[in-house]
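See structure below.
Each chain gets a letter, A, B and so on, in the order its sequence line appears, and its residues count up from 1.
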There are 2 protein chains.
Amino acid sequence: MNNSLPKVATPVGPAGTASSRVFDNLRKDLVGGRFVAGEKLAINALKEHYQVGLSPLREALNKLAAYGLLVQENQRGFRVPKLSREELDDIAHMRLEMEGMALERAIANGDSLWEADLLAAAHRLKRADITLDKGEEWERLHTQFHRTLVAPCGSVWLLRFIEQLHDQFDRYRRLGPKMPTIRQELDEQHHQLVELALQRDAKAARELMDDHIHKSYEVALKRYQEHA
Amino acid sequence: MNNSLPKVATPVGPAGTASSRVFDNLRKDLVGGRFVAGEKLAINALKEHYQVGLSPLREALNKLAAYGLLVQENQRGFRVPKLSREELDDIAHMRLEMEGMALERAIANGDSLWEADLLAAAHRLKRADITLDKGEEWERLHTQFHRTLVAPCGSVWLLRFIEQLHDQFDRYRRLGPKMPTIRQELDEQHHQLVELALQRDAKAARELMDDHIHKSYEVALKRYQEHA
DNA sequence: TTAGACAAGATAATCGATTTTTTAACCTAC
DNA sequence: GTAGGTTAAAAAATCGATTATCTTGTCTAA
């Protein structure tokens, strides 16, 4: 086969449409706390910032509103949702229920490929942590680790909800700077979770997951309270 | 006060923006089965059908995609999601977990205003059924009843997920024509649910809710299997 | 025949400009 | 001073047209 002129290529292109690109970037920035909660978005400024036209930008904003990372009010644009203690409690509580459920099911269903993925994800996460990266890459790997952990739970909708809750939770967790002490503790738990998962100890794994979410919750709460 | 020239009025107008109007209509039509699963949407045809311009229509489509009632593929538009036995099972299973949880919490939290709302919602639903309405109104009241039942569960996110699951579930349930026999049975359960809720019998209520969802699931499954 | 190339038509995505609505500032009458 | 009203500016929503991409049918060469 002659490959002098690769037909379509773009095998790992930076995604197709302007709309999807700005959606990804906005989502990252909203979750990462680069907007202040309650703020009204200045669409023209966003247009410049993300270097897109009005139409793709508005389409991205609409998607984010349906996803819950923005609030849309008829005729008066888009806002970043407010933060509240009540909502943080709600999100954490839902994470407890849903990730616990998902983890138990994943441990029941996961095959050996899953075990390998899990070890790999945990290892990548640990290395990124050692590297003391600026954080963005650690966040990506952290998300990926938790995603992998529950991936074989067997429910597409459960995974979808969990992902949504993570994004919401991270709006609180990522309000402030890193807290090295507790972070170490949480990192330790990641590895323990892998071990328990490999041992197929669903009960212990769920208890540890509960504790993990509890500790994360305390971090998020502290940051929320210290925030303003 | 002189009311010769009512200034702004529109106190209960048919919603503000073209985008939100077409979103509501499309959502209703998608849930009600007026599109065939897997179908690719012809945007120009929709523009005519819903009498809107391209921009508000696309914004609505984007929101519906983020919500899960449409699938968006880069550069090739929007499709109605396929139906599958696996997904129906998933949705039903998630409904069991989440509505059960919500009902228990609602029974723990609900006040006397809730009791009144619940009785009212159940009564309206029963009357609509007697009227043998074309169905659209019954559907609205049915949704409203289930929403009321779990409303005071205390979790905004749980309610949000349940609503999303209902929309998805209804894509299956509303595939075919009504089934009067089983419908009667399900209607009966609505009233029993109210009774158990008023008695604050969380355990029995949850069991009945499980059964209710199971029966609905069987209806939906049958319709899915008979469908094509 | 059939895989690949090509062109024409259809559709999706985006842009630039217009229309509509809200917001803010100012004014006036009580 | 303050409620109500007017208007100018700003912002949101929408439109009409353009650009980019995909799809389909046809043709050619092996």
Side-chain angles (χ1 to χ4, degrees), chain A residues 1-26 35-36 38-66 69-81, chain B residues 1-26 35-36 38-66 69-81:
Chain A
M1 188 193 290
N2 187 340
N3 65 350
S4 58
L5 265 184
K7 181 85 62 53
V8 192
T10 326
V12 193
T17 89
S19 176
S20 65
R21 224 173 326 127
V22 69
F23 175 85
D24 291 340
N25 290 332
L26 258 170
F35 293 91
V36 332
E39 164 184 20
K40 173 149 163 211
L41 294 185
I43 297 202
N44 274 5
L46 293 182
K47 230 176 56 155
E48 295 228 339
H49 189 337
Y50 294 103
Q51 286 294 304
V52 281
L54 188 58
S55 311
L57 175 59
R58 284 190 59 89
E59 293 190 4
L61 295 173
N62 273 280
K63 269 193 279 210
L64 288 163
L69 280 174
L70 287 177
V71 176
Q72 184 171 24
E73 291 162 297
N74 267 354
Q75 241 88 31
R76 58 195 64 171
F78 297 86
R79 303 192 152 276
V80 181
Chain B
M1 189 195 289
N2 187 341
N3 64 350
S4 59
L5 264 186
K7 181 84 63 54
V8 190
T10 328
V12 193
T17 88
S19 176
S20 66
R21 227 174 323 128
V22 69
F23 174 85
D24 291 341
N25 290 332
L26 258 170
F35 294 90
V36 333
E39 161 184 21
K40 172 148 162 211
L41 295 185
I43 297 203
N44 275 2
L46 293 183
K47 231 177 53 156
E48 295 228 338
H49 189 332
Y50 294 103
Q51 287 294 304
V52 280
L54 188 57
S55 310
L57 175 58
R58 284 189 59 90
E59 293 191 2
L61 294 174
N62 273 280
K63 268 192 280 208
L64 288 164
L69 280 174
L70 286 177
V71 176
Q72 185 171 23
E73 291 162 297
N74 267 353
Q75 241 88 33
R76 55 196 65 172
F78 298 86
R79 302 192 152 277
V80 182

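The nucleotide whose nearest atom lies closest to any side-chain atom of Phe78(A) is, among dT14(D), dA13(D), dT21(D), dA13(D). Comparing dC15(C), dA12(D), dC15(D) against the side chain of Ile43(A) picks out dA12(D) as the nearest.
Rounding to whole angstrom units, CG of residue Asn44(A) and P of dA9(D) are separated by 17 Å. Atoms CZ (Phe23(A)) and P (dA13(C)) sit 15 Å apart, rounded to a whole Å. Atom P of nucleotide dT24(D) and atom CZ of Arg76(B) are separated by 11 Å, given to the nearest angstrom. Across the protein-nucleic acid pair, Glu59(B) atom CD and dA13(D) atom P stand 7 Å apart, rounded to whole Å. The separation between Leu61(B) atom CG and dA13(C) atom C1' is 13 Å, rounded to whole Å. Atom-to-atom, CD of Glu48(A) to P of dG16(C) comes out at 13 Å; the value is rounded to the nearest Å. Between Arg58(A) atom CZ and dT20(C) atom P there is a gap of 16 Å when expressed in whole angstrom units. One can place NZ of Lys47(B) at 15 Å from P of dA13(C), the figure rounded to the nearest angstrom.
At least one side-chain heavy atom of Arg79(A) sits less than 4.5 Å from a side-chain heavy atom of Glu73(A). Between Phe78(B) and Asn62(B), the closest side-chain pair of non-hydrogen atoms falls below 4.5 Å. With a 4.5 Å cut-off on side-chain heavy atoms, Leu26(B) and Phe35(B) count as touching. Annotation: side chain of Ile43(A) is in contact with side chain of Leu61(A) (closest heavy-atom distance under 4.5 Å).
Using a 4.0 Å heavy-atom distance criterion, Leu54(B) is classed as a base contact. Lys40(A) comes within 4.0 angstrom of sugar-phosphate atoms only, judged by non-hydrogen atoms across all strands, and of no base. The residue Leu41(B) sits close only to the backbone: its heavy atoms come under 4.0 Å of sugar-phosphate atoms, none of a base. Using a 4.0 Å heavy-atom criterion, one finds that Leu57(A) contacts no nucleic acid atom at all.
Between Gly77(A) and Val52(B), the one whose closest nucleotide on DNA chain D sits nearer the 5' end is Gly77(A).
Under the 3.5 Å distance criterion, the side-chain polar atoms of Gln51(A) are matched with a main-chain donor or acceptor of Glu48(A).
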